[in-house]
Amino acid sequence: MQKYPPIHKNFYNAIENCDCFLLCNFDKKGIEGYIGSAGFAELAYTVAQIAKTHSKQIFIYKMPSKEVQCYDEIKLYLSLGWIKLWK
């Protein structure tokens, strides 16, 4: 458990340094395009990096169903062009 914080910090540092981010939101628990709290946190963090660098491409693998708690936020991010669906 002691290694978790450095791993977590390194992961978010990698997000800051990447040019492209893909959230692989596969179906889970019978929910289409499932996005859990950790996945949404990573996505939101990456979206926040756009304001800082203006140079990231952000994709989600598939449109989540309305059952996903962050559905409205995903819809907003897509409409603003901050993220795109993977093709």
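Following chains of ILVMFWY side-chain contacts shorter than 4.5 Å, one cannot reach Trp86 starting from Val68, and the two form parts of different hydrophobic clusters. Put simply, Ile7 and Phe11 are part of two different groups of oily side chains (I, L, V, M, F, W, Y) that touch within less than 4.5 Å, one to the next. Residues Leu85 and Leu80 share a single hydrophobic cluster, defined by chaining ILVMFWY side chains whose heavy atoms lie under 4.5 Å apart.
Considering all non-hydrogen atoms of both residues, Pro64 and Gly33 come closest at CB-O, 3.2 Å. Residues Glu42 and Leu23 approach most closely at OE1-CD1, 4.5 Å, considering heavy atoms.
Annotation: side chain of Phe40 is in contact with side chain of Ile35 (closest heavy-atom distance under 4.5 Å). Inter-residue side-chain proximity for Leu78 and Met63 is flagged as met; some heavy-atom pair is nearer than 4.5 Å. Contact of the Ile74 side chain with the Asn25 side chain is not registered, since no non-hydrogen atoms from C-beta on lie closer than 4.5 Å. Asp19 has its side chain out of reach of Gln57: every pair of non-hydrogen atoms, C-beta onward, lies at least 4.5 Å apart. Side-chain contact between Ile58 and Lys84 is absent, with no heavy atoms from C-beta onward closer than 4.5 Å. With contacts defined as side-chain heavy-atom distances shorter than 4.5 Å, the pair Glu73/Leu76 does not qualify. When side chains are defined from C-beta on, Glu67 does not count as touching Glu32, because their heavy atoms never get closer than 4.5 Å.
Around the CD atom of Gln69, the shell of radius 6.0 Å holds no more than 12 heavy atoms that belong to other residues, nucleotides or ligands. Within a 6.0 Å sphere centred on OH of Tyr61, heavy atoms belonging to other residues, nucleotides or ligands number 12 at most.
Under 4.0 Å is where a charged nitrogen must lie from a carboxylate oxygen, and between Lys62 and Asp27 at least one such pair does.
Interatomic distance, Leu22 CG to Thr46 OG1, rounded to the nearest 0.5 Å: 10.5 Å.
Ring centroids of Phe21 and Phe59 are separated by 6.0 Å or more, keeping the two rings apart. Less than 6.0 angstrom separates the ring centroid of Tyr12 from the ring centroid of Tyr45.
When atom types are taken as modelled, the side chain of Lys56 and the backbone of Cys18 share a donor-acceptor pair closer than 3.5 angstrom.
Scanning for ring-ring contact (aromatic ring centres under 6.0 Å, His included) contacts around Tyr77 gives Trp82, with sequence neighbours left out.
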